[in-house]
Amino acid sequence: MASVSGISTVSKVFSKLGDNSGSVIPMFAKDFSSAALTSATYYKEGGSHDGAEKALEEFGTSILWLGGIPFIKKFVFDNFVYKKNNIDPNVSAKRLFSGNDKNMVDTLEFAKEKAKSINFNEQADILQNTIDNRGLAKKLSLTKFGAATAATGLALFGLITLKQKRTENAIKKQVKEKHEKELYTKTALEKSSVYQMFDKKNQEPSFKGLSGIGTFFMTNPVANTAIVDGVITGTRLVQARKGEKAEVGLRELCELLFIYGLAVPLQTGLEKLSESRFKRPIGLDYSVLDSDVIKNAINEEKAKKGSSSLLKQARALVEAAGGKTTNETSKKVIDFIFDDKNKELADVFKKGGDIAVYKTKEGKEQLSLLSNIDTDKLKKTAQKTIDTIENAAKSKDCAKYLKQTKLLKGASIIANIAISAIALGYLQPKLNLYLRQKFHNGDKTNPAIRNLTNQIEQNFAFEGKNAQKENS
């Protein structure tokens, strides 16, 4: 099977940013962008304590939420635990837990037999070793998933606790400094004749509040991250202080909506808009659109209709994807793409990330049978390949058409991220600030922080009164 041709850094970046169903990169981009907007908005309108809390929580949560699971899985388990037990961590959980029928495409046995038949000997050996140690491999897979999820959730719990404690300490320090200053000023004034003349009532200072699941979850990084996000939501709601639970609930609802629920539909909508408005299908991965394999196919088809080998392969795969059962259909698709005659289409699948790549000890790249293969996704990519080549070949200038298509694809990816970031980082905080102002007599400060400040103020005032009585 042919190796993947070079992919530019720009293509890799846009490819990852556009993968809303299988990569945490677009989530990371949306979350960090919204975190910056959220912190700035609350600093400006909610006060320094509110802004500091939001900055610590938003950025800290992003790092732990999106970095914790990959770090524990890859660094701790894959590099140490799996290596020590001589188990390959790249074999997917879906294959581990799909039974042992060699006729079913998702099983280890099917993958091993297929690897042997096409001389993917290293992969066949790995799969056989996994079969021989299936029980241990299952335990490691479950432990890796559970430990990574639980450890990240606990770290996030600690972060939120730290955030609230930090705010409390900051307010105590601020109030203490204020009281010490006021006490010094008051003591000095009380000794002066001017103070005795104007303050006949000798009133006490008045203190007011300051302004201010299953294998899908195990194998899919977005789904696994969603579990941790559920832990974050529950933790935030449970630990939310009096007066801010509604705010936290609104924030979490918006995040679940824009990070998960609308991520794929929004990208799909932007792609349909491009097709209807600009007559350019942009469904293919950016790395595919930026590759020589698609460029050559378009030029071949432009020069002579029906001459593009990639177009022929894509059409043949769509036609071959028929069977009495889903498993039978999947077998036909897998047999088709592992046939070396279809190397151009296989290259499209590799570049777009539809099929994982296995690198042998000699450095040769192969389609990976260690991971499960989503044949339905392959059919969709094949159809998008057909649409792109056919439309581009009909244009007057193929190079210009492809360049504009890449620009539109990139713009749709950036637009998806920007829309989510603005919604989460600006519109949602503005709505919370508006609700604060509406229900708290025009005050935009965090009600929980305001209540905490009032409580600390009262405690210091009470201690101050007792100290004065003891000294009198």
Side-chain angles (χ1 to χ4, degrees), residues 1-5 7 11-12 14-23 26 92 105-106 219-220 222 263-265 267-272 274-275 280-298 300-301 308-323 326 329-357 365-369 371-393 402 405-406 408-410 412-413 416:
M1 189 65 66
S3 297
V4 180
S5 55
I7 301 175
S11 291
K12 289 178 181 178
F14 274 104
S15 179
K16 288 296 184 182
L17 287 174
D19 185 7
N20 289 285
S21 59
S23 172
S92 70
V105 297
D106 289 329
T219 56
N220 186 292
V222 174
V264 173
Q267 185 65 38
T268 302
L270 290 167
E271 291 173 0
K272 287 183 177 179
S274 171
E275 189 168 357
R280 280 172 174 74
I282 58 171
L284 282 177
D285 187 274
Y286 190 93
S287 289
V288 177
L289 292 173
D290 196 37
S291 67
D292 288 337
V293 67
I294 201 76
K295 178 182 177 182
N296 294 336
I298 291 170
E300 288 173 4
E301 192 64 16
S308 168
S309 55
L310 174 57
L311 181 59
K312 292 176 184 177
Q313 292 166 27
R315 285 173 175 165
L317 183 140
V318 173
E319 291 173 5
T326 302
T329 299
S330 296
K331 274 187 180 180
K332 288 184 177 181
V333 172
I334 290 172
D335 287 340
F336 185 90
I337 60 172
F338 278 91
D339 188 331
D340 200 52
K341 293 183 298 184
N342 302 310
K343 59 185 178 182
E344 287 91 350
L345 185 58
D347 199 27
V348 168
F349 293 146
K350 291 175 186 177
K351 283 183 169 62
D354 295 317
I355 300 181
V357 175
E365 290 177 335
Q366 301 171 336
L367 296 176
S368 176
L369 281 156
S371 300
N372 57 295
I373 299 172
D374 187 343
T375 53
D376 187 54
K377 189 176 183 180
L378 299 184
K379 287 187 288 182
K380 291 177 181 177
T381 298
Q383 185 59 57
K384 291 173 183 176
T385 302
I386 295 169
D387 295 340
T388 300
I389 296 173
E390 288 181 341
N391 279 274
L402 193 55
T405 301
K406 287 189 291 183
L408 286 169
K409 178 69 175 185
S412 72
I413 292 169
N416 190 340

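All of these numbers come straight from a predicted model, not from anything done at the bench.
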The criterion is side-chain hydrogen bond (donor to acceptor under 3.5 Å, both in side chains); which residues satisfy it with [X], sequence neighbours excluded?
X    : answer
S330 : T375
N296 : none
D354 : T381
S274 : none

Over all atoms of both residues, closest heavy-atom pair of [X] and [Y]:
X    : Y    : value
Q267 : S412 : NE2-OG, 2.9 Å
S309 : E344 : OG-OE2, 3.5 Å
N416 : A263 : ND2-O, 3.1 Å

> Side chains of K343 and D347: closer than 4.5 Å at any heavy-atom pair?
Replying inline: no
> With a 4.5 Å heavy-atom cut-off, do F349 and I373 have their side chains touching?
Replying inline: no
Taking only residues two or more places apart in sequence or in another chain, which ones pass salt bridge (charged side-chain N to carboxylate O under 4.0 Å, His left out) with [X]?
X    : result
K295 : none
D335 : K114
E300 : none

>> side-chain contact (heavy atoms from CB on, under 4.5 Å), that's the test. Do I282 and E275 meet it? Break it down for me.
In response: CA-CA 7 Å; I282 58 171; E275 189 168 357; over 6 Å; no
Separation between [atom1] of [X] and [atom2] of [Y], rounded to the nearest 0.5 Å:
X    : Y    : atom1 : atom2 : value
D374 : D106 : CG    : CG    : 9.0 Å
Q313 : D339 : CD    : CG    : 9.0 Å
K409 : D290 : NZ    : CG    : 12.5 Å
L270 : I413 : CG    : CD1   : 10.0 Å
E301 : I389 : CD    : CD1   : 7.5 Å
I294 : T405 : CD1   : OG1   : 10.0 Å

> With V348, which of N342, L378, I355, L310 fulfils side chain to side chain contact (heavy atoms under 4.5 Å, CB included)?
Replying inline: L310
> What pairs meet the salt bridge (charged side-chain N to carboxylate O under 4.0 Å, His left out) rule with one or both residues in residues 380-391, with sequence neighbours excluded?
Replying inline: R315-E390, D376-K380
>> Show, in sequence, the C-alpha distance, side-chain angles and deciding distance for K379 and L317, and conclude whether the side-chain contact (heavy atoms from CB on, under 4.5 Å) test is met.
In response: CA-CA 7 Å; K379 287 187 288 182; L317 183 140; 4.0 Å; yes
>> According to ring pair (Phe, Tyr, Trp, His ring centres under 6.0 Å), who are the partners of Y286, at least two apart in sequence or on a separate chain?
In response: F14
Please list, chain by chain and in numerical order, all residues satisfying side-chain contact (heavy atoms from CB on, under 4.5 Å) with [X], sequence neighbours excluded.
X    : answer
A314 : L345, A382, T385, I386
A356 : S368, S371
S15  : D285, S287

>> Let's go through L367 and K350 carefully: what are the C-alpha distance in whole Å and the side-chain angles of both, what is the deciding distance for side-chain contact (heavy atoms from CB on, under 4.5 Å) to 0.1 Å, and is it a yes or a no?
In response: CA-CA 7 Å; L367 296 176; K350 291 175 186 177; 3.4 Å; yes
